[in-house]
Every structure is written in C-alpha cells, then in structure tokens.
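No experiment lies behind these values; they were computed from the predicted model shown. FYI, side chains are in, hydrogens and waters are out, and symmetry mates aren't considered; it's all heavy atoms of this structure. Chain letters run A, B, ... following the sequence lines, proteins first, then strands; residues in each count from 1.
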Amino acid sequence: MARITPLSGFPEWLPDGRVVEQHVLDVLRRTFELHGFAGIETRAVEPLDQLLRKGETSKEVYVLHRLQAEDEEDATAPRSEKQLGLHFDLTVPFARYVLENAGRLAFPFKRYQIQKVWRGERPQDGRFREFTQADIDVVGAGELPYHYEVELPLVMAEALGALRDVGVPAVRVLVNNRKVAEGFYRGLGIEDVEGVLRQIDKLDKIGAEQVAALLVSEQGATAQQAGACLDLAAISGSDATVVSRVRALADEHGAGTELLDEGLGELAALIEAAAARAPGVVVADLKIARGLDYYTGSVYETVLVGHEDLGSICSGGRYDTLASDGKNTYPGVGLSVGVSRLVSRLLSAGLLAATRGVPTSVLVAVSDEESRATSDAVAAALRARGIPADVAPTAAKFGKQIKFADRRGIPFVWFPGEEHQVKDIRTGDQVAADPAVWAPPAEDLHPRVVPAV
RNA sequence: GUGGCUAUAGCUCAGUCGGUAGAGCGCCUGGUUGUGGUCCAGGAGGUCGCCGGUUCAAGCCCGGUUAGCCACCCCA
C-alpha cells in the first residue's frame with residue numbers, strides 16, 4: 001500500500017477550517033453583491049495562447065493533457081493553438097469572457113468571481129499551486145471613468161473590514177499609480193521603466209543600497225537617477241502632502257512630465273476620497289510597483305496589519321488594453337483577494353476558530369436499536385424547524401454517545417423517553433423538552449467563526 | 001528552475017560514542033446499577049521516507065532518490 005503523503009501547494013482544510021473559509025467567502029460575496037457586482041464563473045481552462053499573450057512567459061501554467069492523446073500528439077509541431085491550460089488568475093479569463101460576450105453585457109459591467117486558480121510555482125508559506133481567488137472588476141466599453149479606480153479598493157477594504165469582528169486583523173491598502181512612476185522615470189531620462197519597477201519592487205527585501213546598485217548595474221541608470229528613483233519610492237502617506245512631496249522631488253530633478261501630472265492628479269483624488277470614506281485604511285506608497293505589465297493606472301496591494309511578512313493578500317489595478325479585440329477595447333479596474341493565503345494565515349496563526357466542524361446542533365441519543373425510530377422522529381421534528389440534528393450511530397452507553405457529540409463540538413444531546421430531555425454538554429444542564437417546540441439558543445444553531453481569545 | 005535545511009507512532013518530537021526504539025498528547029478497554037470531560041489501571045499502534053554502500057552490527061556514517069519546509073524567482 002503506497003503511503004499517502006500530502007501534496008505540497010494543494011491546501012486542504014479540516015472541516016473546522018472549511019467553516020472559516022466558507023465564512024470568509026460568504027462575507028466577501030455579500031459585500032460584493034451589496035455593491036452591485038454580478039457573480040459569474042468562467043471555465044477552468046483557457047487556450048494556452050490566450051493565457052500566454054501579453055508576454056506573460058514567466059507564468060507557470062499547468063497544461064491540460066489527455067492521456068489517450070499521447071501518441072497522436074508528439075508529431076504535431078505547433079502546440080499552442082489548441083492546447084489548454086488551467087487559468088492562473090481570474091482577470092485574464094474575465095477579459096476573454098468580456099470580449100466573447102460583449103454584445104450581451106451591459107457596460108460598465110461589474111462582476112465578482114470566486115474560483116480556484118493554479119500556478120506551477122514552488123509553494124511556500126502562504127503560496128500555493130492551487131488556491132482560491134475572489135475577484136471584483138469593472139469594465140467599460142471604450143472608456144472607464146477614473147472614479148472606479150477610487151471605488152474598487154474601497155469596496156475591498158469594506159469587504160475585508162467586515163471580517164474584523166471574527167478576528168481578522170485590520171488591512172492596509174497600499175496604492176500607487178503607474179503614471180506617476182512612469183512619468184517620473186521618463187522625466188529623469190530612464191527608458192527601461194519596467195526594469196526599474198522590477199528592482200524597486202525588491203526594496204523591502206534587499207534594501208535601498210542593493211536596489212541602487214542593481215539599478216546602476218542592471219538598468220544602466222546613473223547614480224543620480226538611481227538616487228532619485230529611491231527618493232520617489234521612499235515617499236508614502238495618507239494625505240495630500242504625498243502629492244506635493246512628489247512634485248517637489250520632480251522639480252528638484254527636472255523630471256516633470258505631463259504623464260506625471262496626470263498620475264498625481266489621479267493619486268490625489270484617490271487619497272482624498274479614501275480619507276473621507278475609509279479613514280486610515282488607504283495609504284499611498286510610491287514603491288508599490290506590481291510585476292504585471294498590463295496595469296496602466298492605479299495599482300493596489302493589501303497587507304494584513306501585523307502580518308506584513310505574508311505579503312499582499314489582495315491586489316490589482318487599472319488596465320486599459322487587456323480586453324481588446326482590435327476594434328473595441330474594454331478598459332477595466334479590479335482587485336483580487338487571495339482567499340487561500342488569507343485563510344491559511346488566519347488558521348495557522350490561530351487568530352480565529354470555528355465553534356465546531358460539523359453543522360449538527362443536536363445529537364439525538366439512541367436508547368436501544370428497537371427504539372431508533374423514536375430517535376429518528378425527534379431528529380425529524382427538529383430538522384423540520386431548521387435545527388440541524390443527527391442521530392447517534394449506535395445505541396452505545398450514553399457516556400459514549402455524549403462523547404461522540406463532544407468530539408465533534410455538538411453542543412446538545414437529546415435523550416428520548418417518556419419525558420424527553422435535552423442536555424447542554426458544555427454546562428451539564430439537562431432539562432425536559434418537547435421536540436415540537438424546543439430550540440437551541442441562536443448562537444448554537446449553526447457553527448460560527450469567533451476570534452481566538 | 002536554483003540554493004539551504006529536514007524526514008523516527010495518528011500528532012509534536014527525543015534517541016548519547018554505531019549495539020535491531022522512547023516520551024507527551026491522541027486513540028481503545030476497564031474502574032458494577034447504559035450520562036462524557038478529571039483521575040487511576042491496562043492496551044493497541046513504528047519495514048526509523050525509499051534504494052544501495054561501509055561495518056560483526058546502521059535510526060545514527062556515506063552515496064543516490066523521493067517528499068516536505070525555507071529562501072531566490074514570481075506572485076494571491
């Protein structure tokens with residue numbers, strides 16, 4: 001018998017962990033729907049050429065392969081056309097979905113999408129090969145008003161904030177604007193904007209000195225240019241002084257450009273609105289770069305306060321050309337929550353817990369197998385009134401039946417008889433009860449997620 | 001894909017200088033009149049990841065391999 005071993009990067013929760021995950025998903029969905037996002041699901045696979053366009057060559061895509069096709073396939077040379085790959089995010093499939101259904105959708109189109117995605121990268125703490133993302137996006141036809149770039153991160157902040165009462169830490173949404181960075185870099189005379197962003201992104205990990213060295217050695221920047229880039233990246237804050245500080249820095253280096261001004265205008269609007277609608281949550285941070293090359297405006301990253309080591313649990317940005325069929329383009333903005341990353345940390349850090357791993361609120365004991373029908377009838381009466389009930393598997397000694405409930409966190413055990421009785425096994429209280437009217441306290445009706453003490 | 005660390009009971013881990021295996025927790029049974037948790041007594045459970053080598057003798061030393069963890073890369 002081959003030994004069963006865990007498969008790295010493919011997380012599976014125990015039932016009580018699933019209760020936590022399901023709660024997170026429920027809260028996200030409820031908030032998204034409150035804001036008018038329509039739910040969709042796209043297929044798990046996309047043609048490989050769709051997934052790999054936009055120069056996403058570094059993406060580790062799982063390719064789908066029919067076992068029976070092995071013989072037929074090796075001869076065929078070009079294997080990009082019909083090959084299928086599992087999607088590695090929900091944004092690219094959504095862009096395809098928009099193009100495919102453009103004639104039937106109403107724009108601006110707001111949608112949420114919660115699905116598994118797959119990436120072949122090496123797994124680590126909080127990094128998986130199979131994980132769940134919860135996305136919201138808005139796309140417009142031809143154009144998309146800027147105010148959506150303000151609203152989307154605020155919707156996310158609200159959704160994640162709605163989890164605070166079960167013990168999820170506060171979140172901080174870090175925002176930047178591609179136009180600011182690009183405008184500034186070009187003003188400095190730097191050509192390789194992408195390369196500089198990539199190095200700047202390493203700031204937290206390797207420090208300013210190393211990044212400066214890399215900018216000179218890898219991107220061919222002068223020491224002055226590198227210094228200016230680092231000065232820009234050092235700017236952060238949640239009020240309008242951020243914008244004036246960037247302006248001052250640009251003036252100092254003669255790096256003012258039209259693009260920079262446009263970006264600063266947008267960033268200012270975002271900070272201002274966020275300060276009013278979600279004080280203290282949104283922070284401008286000019287070192288936020290984002291690796292994905294299709295972002296053109298605002299970019300977002302979100303960290304759990306106190307768990308910055310986990311990295312971003314929710315990120316996204318504005319994209320203008322992702323969904324384009326040549327004639328029509330559908331610019332969009334969206335963010336994606338790494339649900340698996342979030343839940344894995346919540347559970348591993350013991351920040352919260354489920355009250356139980358089974359739905360059952362009441363276990364109906366069985367006195368002896370001859371009277372099992374009596375117990376079944378009690379359970380049926382409870383279920384008919386919406387009370388999750390289960391019947392003991394065997395007519396074991398009552399001590400064992402209570403233990404059965406205790407092991408599963410079931411709070412109540414029902415003893416049928418001349419006079420029915422129900423026992424709260426946490427307190428030991430046992431009272432006479434009628435299957436037709438008795439109900440558990442509301443907080444014991446269903447499993448709940450509660451903060452760890 | 002690259003590098004480092006690790007692999008012993010269901011879980012967390014000991015195991016000395018090489019001498020064929022241990023603890024805690026969990027699990028099962030019992031402690032009389034079928035009401036659990038505490039306590040007491042007893043019990044089950046391990047091809048020491050896998051393959052090979054050195055040795056009289058390998059959990060321990062050496063080589064390989066697989067898997068896991070961490071870091072890089074990249075990202076949720």
Exercise for review: Give A/D125 one of three labels, base, sugar-phosphate or nothing, depending on what nucleic acid heavy atoms sit under 4.0 Å from its own.
Suggested key: sugar-phosphate
Practice item. Return the value, rounded to whole Å, for the distance between atom CG of A/L214 and atom C1' of B/C72. Key: 13 Å
Practice item. Starting at atom CZ of A/R345, determine the distance to atom C1' of B/A76, rounded to an integer number of angstrom. Key: 13 Å
Review point. In terms of side-chain geometry, is the basic nitrogen of A/D192 or A/R198 positioned less than 4.0 Å from the acidic oxygen of its partner?
Key: no
Check your understanding: If we take the P atom in both B/U55 and B/G15, what is their distance in whole Å?
Key -> 28 Å
**Study point:** Atom C1', compared across B/A23 and B/A57: separation rounded to whole Å
**Key:** 27 Å
Check your understanding: Which part of the nucleic acid, if any, lies within reach of A/I425 when heavy atoms closer than 4.0 Å are counted: base, sugar-phosphate only, or nothing?
Key -> base
Exercise for review: Please state whether the phosphate of B/C69, meaning OP1 or OP2, lies under 4.0 angstrom from any side-chain nitrogen or oxygen of A/S8.
Suggested key: yes
Point to revise | Ion pair check, A/E21 and A/R18, cut-off under 4.0 Å | key: yes
Check your understanding: Is the distance between the ring centroids of A/W438 and A/F412 under 6.0 Å?
Key -> yes
Review point. Which part of the nucleic acid, if any, lies within contact of A/T132, taking any heavy atom under 4.0 Å across all strands shown: a base, the sugar-phosphate backbone alone, or nothing?
Key: nothing
Exercise for review: Let me know which of A/L351, A/V449, A/L352 forms a side-chain contact (heavy atoms from CB on, under 4.5 Å) with A/V168.
Suggested key: A/L352
Check your understanding: What integer number of Å spans the C1' atoms of B/G37 and B/C25?
Key -> 16 Å
**Study point:** Nearest-nucleotide 5' precedence on RNA chain B, A/T302 against A/R127
**Key:** A/R127
**Study point:** A/R172 atom CZ: more than 12 heavy-atom contacts under 6.0 Å
**Key:** no
Review point. Tell me, what's RNA chain B's dot-bracket, Watson-Crick or G-U with both distances under 3.5 Å, | for other-strand, [ ] crossing?
Key: (((((((..((((.....[..)))).(((((.......))))).....(((((..]....))))))))))))....
Check your understanding: Taking the same atom, P, in B/G1 and in B/C13, what whole-Å distance lies between them?
Key -> 28 Å
Exercise for review: Using distance alone, with no hydrogens and no angle criterion, decide if A/T296 and A/D320 have a side-chain donor and acceptor under 3.5 Å apart.
Suggested key: yes
Check your understanding: What distance, rounded to whole Å, do you find between the two C1' atoms, one in B/U66 and one in B/C51?
Key -> 10 Å
Practice item. Determine the interatomic distance between P on B/G24 and the same-named atom on B/G19; round to the nearest Å. Key: 23 Å
Study note, to complete from the structure: Note: for A/R122 and A/G311 on RNA chain B, the residue whose nearest nucleotide lies more 5' is A/R122
Exercise for review: In whole angstrom, give the distance that lies between atom CD of A/Q210 and atom P of B/C73.
Suggested key: 11 Å
Exercise for review: Ignoring backbone atoms, establish whether A/R426 has a side-chain N or O less than 4.0 Å from OP1 or OP2 of B/G36.
Suggested key: no
Review point. Contact class for A/R129 (heavy atom, under 4.0 Å): base, sugar-phosphate, or nothing?
Key: nothing
Practice item. Write down the distance separating the C1' atoms in B/C5 and B/G43, rounded off to the nearest Å. Key: 38 Å
Review point. Hey, is A/K179 close enough to A/E266 for a salt bridge, meaning N to O under 4.0 Å?
Key: yes
Check your understanding: Hey, does the side chain of A/Q124 come within less than 4.0 Å of B/C69's phosphate (OP1/OP2), counting only N and O?
Key -> no
Revision key, fill the gap. Regarding the side chain of A/S312, the nearest nucleotide among B/C69, B/C70, B/A76 is B/A76
Exercise for review: Verify the neighbour count for atom CD of A/E443: are there more than 12 heavy atoms of other residues, nucleotides or ligands below 6.0 Å?
Suggested key: yes
Review point. Expressed in angstrom and rounded to an integer, what is the separation of A/D309 atom CG from B/A76 atom C1'?
Key: 15 Å
Exercise for review: Taking only heavy atoms on the protein side, list every residue of residues 400-416 of chain A lying under 4.0 Å from any atom of RNA chain B, sorted numerically.
Suggested key: A/K400, A/I402, A/K403, A/D406, A/R407, A/F415
Check your understanding: Shortest non-hydrogen contact from A/V171 to A/T302?
Key -> CB-CG2, 3.8 Å
Point to revise | Residues A/D137, A/R111: salt bridge by 4.0 Å N-O rule | key: yes
Check your understanding: Is there a donor-acceptor contact under 3.5 Å linking the side chains of A/S315 and A/E301?
Key -> no
Check your understanding: What integer number of Å spans the C1' atoms of B/U20 and B/G4?
Key -> 33 Å
